[in-house]
Amino acid sequence: MFKKILIANRGEIALRIIRTCKEMGIKTVAVYSTADRDSLHVRFADEAVCIGPPRSRDSYLNMVHIIAAVELTGADAVHPGYGFLAENAEFADLCTKYGVKFIGPTGAQIRAMGDKITAKETMIKAGVPCIPGSGGLVDTLEDARKLGKQIGYPVIIKATAGGGGKGMRVVHSEAEIEKAYTTARAEAGASFNNDGVYMEKFIVEPHHIEIQVAGDQNGRACHLSERDCSVQRRHQKLVEEAPSPFISDAVRQKMGEAAVRACEAIKYEGVGTIEFLVDIHQNFYFMEMNTRIQVEHPVTEEVMDFDLIKEQILLAAGTPISGEMYFPEKMHAIECRVNAEDPLNGFAPSPGRITALHTPKGYGVRVDTHIYAGYTIPPYYDSLLAKVICRAKSREECIVKMERAMKEFIIEGVKTTIPFHIALMNNPEFRAGKYDTGLLERFDYAAAIREMEFVP
Ligand code: MV4
């Protein structure tokens with residue numbers, strides 16, 4: 001087992017990783033930018049190394065400084081968390097080169113899933129259902145026109161280097177294809193330095209359902225059930241839950257099996273997520289694979305009663321997956337992301353100092369957070385302040401508990417998304433479990449917040 005893990009991250013996820021390391025008897029090294037000097041991850045780690053000035057590219061994305069911190073402290077493994085260098089193949093390879101274990105998949109596996117066309121080809125070979133489309137790059141406007149006719153409108157143009165919504169264009173008819181193709185390519189080139197695009201049939205108002213997977217170093221994989229992440233605004237997830245209120249048990253089982261086939265096809269090592277789009281008929285299609293631990297991993301931890309960070313560390317140390325890894329699902333869990341953003345002003349960031357804080361507590365309530373009273377939210381990083389995860393025997397009880405928890409969450413000094421979550425817990429579509437990725441376009445949450453009697 002590793003003796004000392006360097007956590008190449010900040011915020012709540014750095015704390016989350018430090019906690020599990022302590023429980024496993026592993027020493028921890030925090031790295032931090034000068035903006036994070038007073039952060040809890042710096043305080044709670046056994047050692048801490050400053051890796052540069054506030055801007056991410058100078059600190060948390062600075063591979064040379066992070067490797068220097070590894071050498072300085074003698075860490076034998078690096079945990080990348082999510083974001084920053086978590087899906088950077090070059091960094092994974094660099095760790096290997098310097099003899100320190102990258103807790104995650106190999107550089108080659110990250111690369112294979114990072115290029116979306118390659119990923120899709122791999123999945124088709126593995127027998128995982130994929131959305132019908134161009135099959136490869138669409139090199140010319142003429143090809144785009146031909147494929148549009150063949151596939152049938154509406155279609156979607158996506159960047160092969162993309163993911164998470166960047167460089168995507170929906171095309172409703174041939175009249176729109178020229179502009180969509182040209183702008184998608186230009187945006188992909190500018191964002192990813194790779195202007196390759198491909199085309200797919202557009203699935204209208206899909207559900208976003210992902211399967212948590214884990215693979216060992218012997219090529220064996222298992223899944224840990226799904227998360228429904230359909231509550232999104234502009235490709236930002238706001239709420240995740242498990243089990244999904246949408247899919248049947250038969251579809252759930254088929255998706256799990258497909259996800260395991262996907263992992264075993266590439267001998268995937270580590271924990272990861274297979275993202276699926278699910279249409280109204282519950283047909284599911286591979287969308288992309290996330291080769292990291294995700295923000296919403298606690299939802300799975302709560303329904304499966306299983307520490308995913310511990311599993312990640314065990315897998316990286318060479319522990320095999322055993323048959324005991326399949327668990328029955330007994331509970332329901334919901335996670336709400338609390339951001340320093342103003343839901344009444346288009347979710348505009350609201351950095352600043354937290355002047356007063358009370359976090360929700362009680363049976364079935366978990367709060368993963370790095371904030372404290374007096375903490376100043378730096379403007380340089382993402383605005384996630386806390387994740388509130390509730391767990392109960394039924395979805396109904398879980399929603400009631402979440403509303404109760406959100407109403408006892410006091411954060412003074414900055415605007416937060418707490419009022420949005422209270423409004424959402426009272427939205428009839430959400431309450432009925434009858435929502436898809438179009439929910440927040442239909443729901444006038446600003447009006448609902450203004451009408452709320454309860455003012456957090
Ligand atoms: C799609 C789609 C419909 N049809 N692909 C959005 C993020 C990126 N990973 C892929 N995305 C989509 N791909 C086809 N063929 C709809 C989306 C999409 C979406 C997907 C999941 C969750 C929210 C979304 C919001 C808008 C569009």
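As the structure lists them, so they are numbered: ligands from 1, and atoms in each ligand from 1. Remember, predicted model here, so these are calculated numbers, not experimental data.
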Engineer: Do you see a donor-acceptor pair shorter than 3.5 Å between the side chains of Asp279 and Asn283?
Structural biologist: yes
Engineer: Would you call Gln294 and Glu275 a side-chain contact if the rule is heavy atoms closer than 4.5 Å?
Structural biologist: yes
Engineer: N/O to N/O below 3.5 Å, does that happen between His208 and ligand 1?
Structural biologist: no
Engineer: Enumerate the atoms of ligand 1 whose separation from the nearest heavy atom of Glu200 is less than 4.0 angstrom.
Structural biologist: 5 (N), 14 (C), 15 (N)
Engineer: Please list, chain by chain and in numerical order, all residues satisfying salt bridge (charged side-chain N to carboxylate O under 4.0 Å, His left out) with Arg404, sequence neighbours excluded.
Structural biologist: Glu408
Engineer: What is the closest protein heavy atom to atom 4 (N) of ligand 1, and at what distance does it sit?
Structural biologist: Ile203 N, 2.8 Å
Engineer: Please check if atom CD in Gln236 has more than 12 non-hydrogen atoms from other residues, nucleotides or ligands closer than 6.0 Å.
Structural biologist: no
Engineer: Please name the residue in the list Tyr435, Phe420, Tyr445, Phe443 that meets the ring pair (Phe, Tyr, Trp, His ring centres under 6.0 Å) test with Phe430.
Structural biologist: Tyr435
Engineer: Could you identify the single nearest non-hydrogen protein atom to atom 2 (C) of ligand 1 and state the distance to 0.1 Å?
Structural biologist: Leu277 CD1, 3.5 Å
Engineer: Check ligand 1 against Lys201 and write out every atom of the ligand that is under 4.0 Å from a heavy-atom position of the residue.
Structural biologist: 4 (N), 14 (C), 15 (N)
Engineer: Would you mind listing which atoms of ligand 1 come within a distance below 4.0 Å of any non-hydrogen atom of Thr437?
Structural biologist: 22 (C), 23 (C)
Engineer: State whether the shortest distance between N or O atoms of Gln232 and N or O atoms of ligand 1 falls below 3.5 angstrom.
Structural biologist: no
Engineer: Starting from atom 5 (N) of ligand 1, what is the nearest protein heavy atom, named by residue and atom, and what distance separates them?
Structural biologist: Lys158 NZ, 2.9 Å
Engineer: Would you tell me whether Thr417 and Glu341 have side-chain atoms, one donor and one acceptor, within less than 3.5 Å of each other?
Structural biologist: no
Engineer: Can you sort out the partners of Arg261 under side chain to side chain donor-acceptor pair (under 3.5 Å), two or more places apart, ordered by chain and number?
Structural biologist: none
Engineer: Which protein non-hydrogen atom lies closest to atom 26 (C) of ligand 1, naming both residue and atom, and how far is it?
Structural biologist: His235 CE1, 3.5 Å
Engineer: Can you report which non-hydrogen protein atom sits closest to atom 7 (C) of ligand 1, along with the distance?
Structural biologist: Gly165 N, 3.5 Å
Engineer: Between CD1 of Ile449 and CE of Met452, what distance do you get to the nearest 0.5 Å?
Structural biologist: 6.0 Å
Engineer: Among protein heavy atoms, which lies nearest atom 9 (N) of ligand 1, and at what distance?
Structural biologist: Glu288 OE1, 2.9 Å
Engineer: In the protein, what heavy atom is nearest to atom 11 (N) of ligand 1, and what distance, to one decimal place, separates them?
Structural biologist: Met168 SD, 3.6 Å
